[in-house]
Amino acid sequence: MASHHQDKTKSSAGDEVIPPSTPSEMNTSPIDLGHIEVMQILNEHGEVDQGLEPSLSDERLLEVYRAMILARTFDQRMLTMQRQGRMGTFAPNTGQEACTVGQVVPLTKDDWYSPSYRSFGAQIMRGWPMEHLMRLWAGFHDGFPPPENVNDLPFSIVIGSHVLPAVGLGMGMNYKKKNDCVVVNFGDGASSQGAVSEALNFAAVYKAPVVFVCENNGWAISTPTAKQTANEVIAARGVAYGIPSIRVDGNDILAMVFAVDEAAKRARNGDGPTFIEAITYRMSLHTTADDPTVYRDEQEVLPWGKRCPITRFEIYLKNKNLLTNDSIQEITESCEQEVIAARDKFYSMPSANPGEIFDHLYEIMPEELSRQRDEYRKRLDDKGVDYE
Ligand SMILES: Cc1ncc(C[n+]2csc(CCOP(=O)(O)OP(=O)(O)O)c2C)c(N)n1
Ligand SMILES: [Mg+2]
């Protein structure tokens, strides 16, 4: 970057340039950061802005609908399994299905996706078998690597840490002259992490083909967005780094698909990153280890029930004569069966080998660790636990 550095006290003609001295003079941005409009195409009543309707075939619309139902069904089943003691900690997604599924609908197999832990609806659509995700959430390490031929990164529990690698991936695409893009998803809470700001800056400066989707669901565990940031317009972050940025109704699947599609096309065209703030709401628990009734008024949740992304899309599809009450029933039942089949497959898979706990870190195990392993194995022997 050093070669681009200019002496700001001199103009190109060599005359002295006086730098602005007051904040109002320095603020040359024509954009009012407080008023980035929220794009909506399909409203709560099923009314549609036809000028912006994404051009999806009837078949694709139904695939998207089914992906949303599958996400909700998987979510509910995982919650049940966790409450039965048969699943590890899990982060529900109820109410965020349009946002989650919509961000991958425009992607091709060659594009890349970097999810967060709440993105399983998108991961399923990208080709992750559900039993694979169950292994992941149950804590088996073989659940973490993405399946072969699925261009996804594994998600990171370290908030925001997966955003920089996603930008690196995009920069790699530029380097290799590929016309693909990366979608990376993170939360309102993650937007406060320094790594996310670094990622935005790198992407903007290097025109990385990245679509940032900030899923603003109102909460970061018990921290509401108003306490998270003094500028609740999170899309302003993108503007600050010189990235075209928009706010989208994240409960409107058509708006999500439209926005991500436009952003993906820009990215693949060499026009660099886009920042999408998707406004939605975390209707359920942060994770199964959480109890939101201790920190939020349940009254706040009620209006979001009326903004349910699935109900809204159903009205739209019924109006297009693509869906009836009977076909909704059929789709719901087939999703239930698919999730149950995945669950049964998951239950039939081998459980963990406790002997493995010391593997995978070192090629040559340090002496101290090897001593601990021997001690641990002795304890397993004493308890009569099998291991390899
Ligand atoms: C670096 C780091 N700090 C704190 C945590 C604990 N933590 C887990 S989830 C979470 C909230 C994240 O909120 P947000 O980014 O809004 O995503 P959401 O859970 O709402 O989808 C926090 C603080 C963590 N995992 N990593
Ligand atoms: Mg959040």
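Just so you know, these numbers come straight off a predicted model, no measurement behind them. Remember, it's 1-based here, ligands and their atoms both numbered in the order they're listed.
Remark: minimum distance from atom 17 (O) of ligand 1 to any protein heavy atom is reached at Tyr117 OH, 3.3 Å. Of the protein's non-hydrogen atoms, the one nearest atom 21 (O) of ligand 1 is Arg118 NE, 2.9 Å. For atom 25 (N) of ligand 1, the nearest protein heavy atom (residue, atom name, distance) is Ile157 O, 2.7 Å. Among protein heavy atoms, the minimum distance from atom 15 (O) of ligand 1 is reached at Ala190 N, 2.8 Å. Among all non-hydrogen protein atoms, the one lying nearest atom 22 (C) of ligand 1 is Ile221 CD1, 3.6 Å.
The shortest N or O to N or O distance between Val158 and ligand 1 is not below 3.5 Å. For a threshold of 3.5 Å applied to N or O pairs, the pair formed by Ile159 and ligand 1 contains at least one separation below that value. By the 3.5 Å distance cut-off applied to N or O atoms, Gly189 is counted among the residues near ligand 1.
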Checking Leu369 against Phe358 for the side-chain contact (heavy atoms from CB on, under 4.5 Å) test, could you report, in this order, the C-alpha distance in whole Å, the side-chain angles of both residues, the deciding distance, and whether it holds? CA-CA 8 Å; Leu369 208 56; Phe358 285 87; 3.8 Å; yes

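Counting non-hydrogen atoms of neighbouring residues, nucleotides and ligands closer than 6.0 angstrom, the CZ atom of Arg379 reaches no more than 12 such neighbours.
Between Arg266 and Glu262 the shortest side-chain heavy-atom distance does not fall below 4.5 Å. Side-chain contact check for Asp290 versus Arg282: some heavy-atom pair is nearer than 4.5 Å.
Rounded to 10°, the angle formed at the Mg ion (ligand 2) by Asn217 OD1 and Asp188 OD1 is 80°.
At a threshold of 4.0 Å, the pair Glu338-Arg66 counts as salt-bridged, since one of the basic side-chain nitrogens sits closer than that to a carboxylate oxygen. A salt bridge is absent between Asp252 and Arg307: the closest approach of a Lys/Arg side-chain nitrogen to an acidic carboxylate oxygen does not fall below 4.0 angstrom.
Listed here is the closest heavy atom pair of Gln228 and Ser192: OE1-OG, 2.6 Å.
Using a 4.0 angstrom heavy-atom cutoff, Gln193 counts as in contact with ligand 1. Ligand 1 lies out of reach of Arg282, whose nearest heavy atom is not under 4.0 Å from it. Not a single heavy atom of Phe186 lies less than 4.0 angstrom from ligand 1.
Coordination check, Ala190 versus the Mg ion (ligand 2): failed, since every N/O/S atom of the residue sits at 2.8 Å or beyond.
The distance from ligand 1 to the heavy atoms of Gly187 drops below 4.0 Å at these ligand atoms: 14 (P), 15 (O), 16 (O), 17 (O).
The one candidate from Arg77, Lys345, Arg343 that meets the salt bridge (charged side-chain N to carboxylate O under 4.0 Å, His left out) condition with Glu131 is Lys345.
For an aromatic pair to be called close, the ring centres must be under 6.0 Å apart, and Trp137 with Phe120 fails this.
Counting only residues at least two apart or in different chains, side chain to side chain donor-acceptor pair (under 3.5 Å) contacts with residues 364-373 comprise Glu368-Arg371, Glu368-Gln372, Arg371-Glu375.
Residue contacts with ligand 1 for Asn217 involve side-chain atoms from C-beta outward but no N, CA, C or O (heavy atoms, distance under 4.0 Å).
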